[in-house]
Amino acid sequence: MNKKITGSEALLRSLIDEGVDTIFGYPGGAIMPVFDCLFDYKKKINHILVRHEQGATHAAQGYARVSGKVGVALMTSGPAATNAITGIADAMIDSTPIVVITGQVVSALLGSDAFQETDVVGISQPITKWAYQIRSAEDIAWAVARAFYIAATGRPGPVILDFAKDAQSDLVSYTPIKINHIRSYIPVPDIEPEMIVEAASLINASKKPLALVGQGVILGNAEKELLTFLRKADIPAASTILGLSAIPSAEPLNVGMLGMHGNVAPNLKTNECDVLIAIGMRFDDRVTGDLNTYAKQAKVIHFDIDPSEINKNVKTTVAVLGNVKETLSKVTGLLRANKHTAWRETFKEPYEKELKYVIQKELFPENGPIKMGEVIHKVTEATGNDAVLVTDVGQNQMMAVRYFKYQQSRSVVTSGGLGTMGFGLPAAIGAKYGAPHRTVCLFVGDGGLQMTIQELGTIMESGVEVKIILLNNCFLGMVRQWQELFYDKRYSETVMKNPDFIKIADAYGIPGKSVSERSELDNAISEMLQTKSAYLLEVKVEETGMVYPMIPAGTCVTNILLGNEK
């Protein structure tokens with residue numbers, strides 16, 4: 001008979017059996033038995049002490065996004081659990097696999113409004129794939145195995161385990177459990193052969209195909225299959241923000257980014273193509289604009305693992321359900337080798353227009369204040385276009401995803417669907433732990449940085465090497481942009497009076513430099529990248545800069561603003 005161990009040790013053994021090597025967490029009363037046990041497991045599990053529970057969830061997201069593994073966050077009950085809700089919601093909408101473990105009051109006190117008791121399961125059910133309360137030590141191995149299986153399979157997402165304190169201390173005989181099937185849970189729908197044939201037939205007959213690449217390609221590890229598919233049929237491909245890096249930036253078939261601040265050509269061609277091929281993307285409103293005018297001329301093929309996405313926003317002609325790694329290969333096998341030279345040539349004119357009126361002005365300004373885009377361009381060039389890009393939310397995010405370049409997959413970590421300010425700094429910490437061999441560059445604004453600035457303490461304590469590029473315009477830039485364009489320049493509460501960020505970084509033992517002159521920028525970037533530690537590079541950029549192109553919210557994807565076309 002197995003020697004009995006505490007529920008806390010059973011939890012840690014279960015995590016190790018799931019391949020967990022890193023946890024982001026913060027201790028407290030209702031989870032203290034687990035942290036006490038963690039003291040004896042330091043050689044097997046690396047615990048990163050964050051400064052706020054929201055930071056733990058975002059760090060777990062960053063870890064998961066670059067590593068392809070399940071991220072883990074650990075915290076106590078009550079306010080700790082509610083602090084994690086934003087990160088859980090963010091992970092849900094962006095399909096990021098994380099397991100969040102919260103402490104809970106002892107079982108006998110449940111429902112009594114005990115100290116630091118909240119209904120974590122009730123709160124989190126709408127924003128998780130599964131939420132479960134562990135009240136018995138006997139359930140631990142089963143619950144952890146089930147949690148990891150659900151989080152990682154099918155369309156990934158967050159799972160929460162609410163762990164009663166008595167179950168952490170009770171004794172149990174631990175036997176590892178592996179779950180690879182749950183009744184009524186169908187993570188990957190069966191492939192329908194007739195849909196494969198219909199999709200291939202439509203593509204073979206197409207004269208003007210366009211592929212829309214989403215994060216599903218990355219989550220399905222289908223990057224090679226995607227390139228084979230695109231190259232065989234000579235199909236131009238554009239990416240959603242979360243789909244960026246599924247295709248290398250230098251790939252000739254890569255025609256850019258979709259969406260509100262995406263590239264002109266793919267947005268225009270969405271309403272000109274004859275077959276629209278959506279691959280692991282969900283037709284978010286920031287991509288489609290007005291659905292009443294979106295791609296009405298095209299037959300739509302939708303590859304997805306989640307049946308609920310089919311016909312949710314855009315009417316589908318052919319739905320190809322299943323893991324895109326398998327379905328793309330099957331369709332590719334039925335495709336004729338093709339050339340769409342004339343169609344692809346039509347992308348050049350709108351690209352040249354965007355290059356002239358937007359890109360050149362943003363990346364290579366002749367004078368005036370430093371622009372966000374030129375900073376991003378210089379950083380990606382200095383890293384050989386091979387760093388992990390992490391962003392916060394706002395103008396810094398849109399500029400970064402527009403102008404950073406990628407050679408390999410899993411190189412973009414950003415808050416897509418929820419748009420969470422404060423995401424960037426803790427996510428960058430997690431990303432560095434998920435890909436310790438890669439350079440991690442965080443672009444963040446002065447507003448977003450101050451939402452989770454306490455995580456500089458996590459960097460100080462852990463020594464994690466994150467390169468932080470603060471694009472400081474002393475504004476809530478994206479809100480200010482909307483106020484300029486749509487609210488008669490009434491800049492209500494968007495001007496930011498900021499602290500000395502370099503002094504703050506120095507207080508945390510993080511070297512840094514503030515740059516306001518263009519002549520200083522190259523040397524400052526070089527110093528940042530050569531420093532063998534975390535680094536904060538503050539660049540004081542144009543205060544009233546604008547992110548163009550821009551499609552106003554809710555309008556047609558062809559209604560593209562380029563700014564001052566002079």
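Worth saying up front: this structure is predicted, and the values here are computed from it rather than measured. Computed over heavy atoms, backbone and side chain alike; hydrogens, waters and symmetry mates excluded.
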Under 3.5 Å side-chain donor-acceptor pair for [X] and [Y]:
X	Y	result
Asn385	Thr380	yes
Arg282	Thr240	no
Asp90	Thr420	yes
Thr458	Glu455	yes
Asp94	Gln215	no

Quick one: [atom1] on [X] to [atom2] on [Y], what's the gap to the nearest 0.5 Å?
X	Y	atom1	atom2	result
Ile177	Asp17	CD1	CG	10.0 Å
Thr414	Met398	OG1	CE	6.5 Å
Met399	Lys371	CE	NZ	7.0 Å
Ile23	Leu15	CD1	CG	5.0 Å
Lys296	Lys315	NZ	NZ	10.5 Å
Ile277	Ile203	CD1	CD1	4.0 Å

Contact summary for Val66 and Ala435, nearest pair of heavy atoms: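 Smallest interatomic distance, heavy atoms only, reads CG2-N, 3.8 Å.
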
Smallest separation among heavy atoms of Ala534 and Ile459, with atom names: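 Minimum heavy-atom contact is CB-CG2, 3.5 Å.
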
Expected output: side-chain [X] to main-chain [Y] donor-acceptor under 3.5 Å:
X	Y	answer
Thr316	Val318	no
Asn271	Thr293	yes
Asn267	Thr558	no
Lys432	Val440	no
Glu223	Ser409	no
Tyr406	Ser249	no
Lys353	Leu562	no
Glu225	Leu328	no
Arg410	Arg65	yes
Lys467	Thr439	no

side-chain contact (heavy atoms from CB on, under 4.5 Å) partner of Ile247, the single match among Val255, Leu253, Val217, Asn254: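 Answer after filtering Val255, Leu253, Val217, Asn254: Asn254.
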
Option among Ile301, Leu276, Val275, Leu202 that satisfies the side-chain contact (heavy atoms from CB on, under 4.5 Å) test with Thr317: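 Result for side-chain contact (heavy atoms from CB on, under 4.5 Å) with Thr317: Leu202.
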
Crowded around [X] [atom1]? As in, over 12 foreign heavy atoms under 6.0 Å?
X	atom1	result
Lys325	NZ	yes
Lys312	NZ	yes
Ile186	CD1	no
Glu349	CD	no

CA sep, side-chain torsions, deciding dist, call: Val144, Leu11, side chain to side chain contact (heavy atoms under 4.5 Å, CB included): CA-CA 7 Å; Val144 171; Leu11 172 70; 3.7 Å; yes

Should [X] and [Y] count as an ion pair when the cut-off is N to O under 4.0 Å?
X	Y	answer
Arg13	Glu18	no
Lys378	Glu381	no
Glu309	Arg155	yes

Side-chain heavy atoms of [X] within contact of [Y], under 4.5 Å:
X	Y	answer
Val557	Leu258	no
Trp343	Asp234	no
Pro552	Leu561	yes

Run the ring pair (Phe, Tyr, Trp, His ring centres under 6.0 Å) test against [X] and tell me which residues pass, sequence neighbours left out.
X	result
Tyr403	none
His377	Phe364
Tyr63	none

Leu212 and Phe283: CA distance, side-chain angles, deciding distance, side chain to side chain contact (heavy atoms under 4.5 Å, CB included) verdict: CA-CA 9 Å; Leu212 311 183; Phe283 290 112; 4.1 Å; yes

Stepwise side chain to side chain contact (heavy atoms under 4.5 Å, CB included) check, Phe148 with Val20: CA-CA 10 Å; Phe148 275 77; Val20 174; 3.5 Å; yes

Side chain to side chain contact (heavy atoms under 4.5 Å, CB included) between Phe404 and Thr391, worked out: CA-CA 11 Å; Phe404 216 75; Thr391 85; over 6 Å; no

